[in-house]
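Quick note: numbers below take in every heavy atom, side chains included, and nothing from hydrogens, waters or symmetry partners. Chain A is the first sequence line, chain B the second, and so forth, proteins listed ahead of strands; every chain is numbered from 1.
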Amino acid sequence: MPAKEIAPKDIAPKDIAAPLLAWYDRAHRRLPWRAPPGANAADPYRVWLSEIMLQQTTVAAVIPYFEHFTSRWPTVEALAAAEDGDVLAAWAGLGYYARARNLIACARAVASEHGGRFPETEAALRGLPGVGAYTSAAIAAIAFGQRAVVVDGNVERVVARLFAVETPLPAARPQLRALADTITPGARAGDFAQAMMDLGATVCRPRSPDCLVCPLVVSCDSARRGIADALPAKTPKPPRPTRYANVYVLRDADEVMLVRRPPRGLLGGMLGLPMSEIADTPAPDNAHPGAPAAVRWTRSARPVTHVFTHFELHLAVFSGDLSGITKPSGDWRVANKSAARDLPTLFRKALDFVV
DNA sequence: GAACCGTGGAG
DNA sequence: TCTCCAAGGTT
């Protein structure tokens, strides 16, 4: 009989939480949305805002947006009172624009239905627009100190390695959540959640985990077996198809025509250049589907390529000038860098041809 | 469950 | 150049 085989089920909550929290106390990241050491509890508004921004988005990308938003709209009431277009323009470039639309809806719900204060329970938070299983648990734990099982991509990875779960994602998700539940302590709920995520981001990284400095290595089944780097397994993603569209840079003197996109779907609600429907094949040379006016269109030398999560878009960019013809209705802006800043990256790239 | 929804940085 | 993928949610 082997001498000290530690079965995964024998990992006790205190074997994880105590060393992890001790590590967190000395090694945690200093981030703008975290209360500074010794300060009072984190501001729920800032916790919520950061959690929405951090969905599928790197810390480095979020920081400047978080600073701008909290400077311009310091409270949830201020954000609730903002114009939709101003919030969407401030979000431009961060991606996943449904988050911005839900951000506005959520701020207004908190302002009008909750008296300007975020609800404090996971269940109540879960009912807010854009707040799902992860985010509701994270806010409950981080902003309100409640025990909640906070499972994001970091936690899935850390838990899969701790317990050497070899089932590939996403099928392993229920099991990983159940295992995370077993190691989640009741005390220091917010710190524990953030510690798991910091560990995942800085030590238990997706590639080349730094097991030598990991505070949990003595409990880690995959480290013991030398398979940490291979976990969690993932089912392969299907290849990304290539799709095509035309965009139109219509000029009138120093102005360029922009349009407000439909409220849902790709880049929904955002300001953009007039664009054709997205198709599986390029439009014929002399056809101009989606063109905002009947003028002479000049195709730019090179197409814009833009990669989305689920397809790669090849954009043919056409320039035209109204030269006296009546302006089509749209959002006409002076064509400069500040106008481009309000647009999703895709359109910024196309506008770079002319501004 | 699966498709849809952005972007930029790391390796 | 190319693949992976980051504090997910909605439909």
Enquirer: Taking atom types as modelled, is there a side-chain donor on A:E51 or A:Y134 under 3.5 Å from an acceptor on the other?
Expert: yes
Enquirer: Is the phosphate of B:dG8 approached by A:T345 (side-chain N or O, under 4.0 Å from OP1 or OP2)?
Expert: yes
Enquirer: Could you list the protein-to-nucleotides 1-5 of chain B atom pairs, N/O on both sides, closer than 3.5 Å?
Expert:
from	atom 1	to	atom 2	distance (Å)
B:dC5	OP2	A:H310	NE2	2.4

Enquirer: Rounded to the nearest angstrom, tell me the gap between atom CZ in A:R240 and atom C1' in C:dC2.
Expert: 10 Å
Enquirer: Hey, are A:D321 and A:S323 close enough side-chain-wise for a donor-acceptor pair under 3.5 Å?
Expert: no
Enquirer: Parallel under 30°, tilted from 30 to 60°, perpendicular over 60°: which one fits the rings of A:H288 and A:F318?
Expert: perpendicular
Enquirer: Restricting both atoms to N or O, compile the protein contacts to nucleotides 9-11 of chain C shorter than 3.5 Å, with distance only.
Expert:
from	atom 1	to	atom 2	distance (Å)
C:dG9	OP1	A:G132	N	2.9
C:dG9	OP1	A:T135	N	2.9
C:dG9	OP1	A:T135	OG1	2.7
C:dG9	OP2	A:A133	N	3.4
C:dG9	OP2	A:Y134	N	3.3
C:dT10	OP1	A:G130	N	2.8

Enquirer: Do the side-chain N or O atoms of A:Q56 get closer than 4.0 angstrom to the phosphate oxygens (OP1, OP2) of C:dG8?
Expert: yes
Enquirer: With sugar-phosphate meaning primed atoms plus P, OP1 and OP2, does A:I139 contact a base, only sugar-phosphate, or nothing at under 4.0 Å between heavy atoms?
Expert: nothing
Enquirer: Which of residues 194-207 of chain A have a heavy atom under 4.0 Å from DNA chain C?
Expert: A:M197, A:P206
Enquirer: Please confirm whether A:Y65 and A:W91 have ring centers closer than 6.0 angstrom.
Expert: no
Enquirer: At under 4.0 Å between heavy atoms, what does A:V155 touch on the DNA or RNA strands: base, sugar-phosphate, or nothing?
Expert: nothing
Enquirer: In terms of side-chain heavy atoms, does A:R240 have a donor or acceptor partner in A:T309 at a distance below 3.5 Å?
Expert: no
Enquirer: Check whether A:F347 and A:F308 end up in the same hydrophobic cluster, where Ile, Leu, Val, Met, Phe, Trp and Tyr are linked by side-chain heavy atoms less than 4.5 Å apart.
Expert: yes
Enquirer: Looking at the base of B:dG8, is there any donor atom on it, or on the side chain of A:T57, that sits under 3.5 Å from an acceptor on the other one?
Expert: no
Enquirer: Taking OP1 and OP2 of B:dG6, is either one under 4.0 Å from a side-chain nitrogen or oxygen of A:H306?
Expert: no
Enquirer: Given atom CZ of A:R348 and atom P of B:dG6, what is their separation to the nearest angstrom?
Expert: 14 Å
Enquirer: Classify the ring geometry between A:Y24 and A:H28 as parallel (under 30°), tilted (30 to 60°) or perpendicular (over 60°).
Expert: tilted
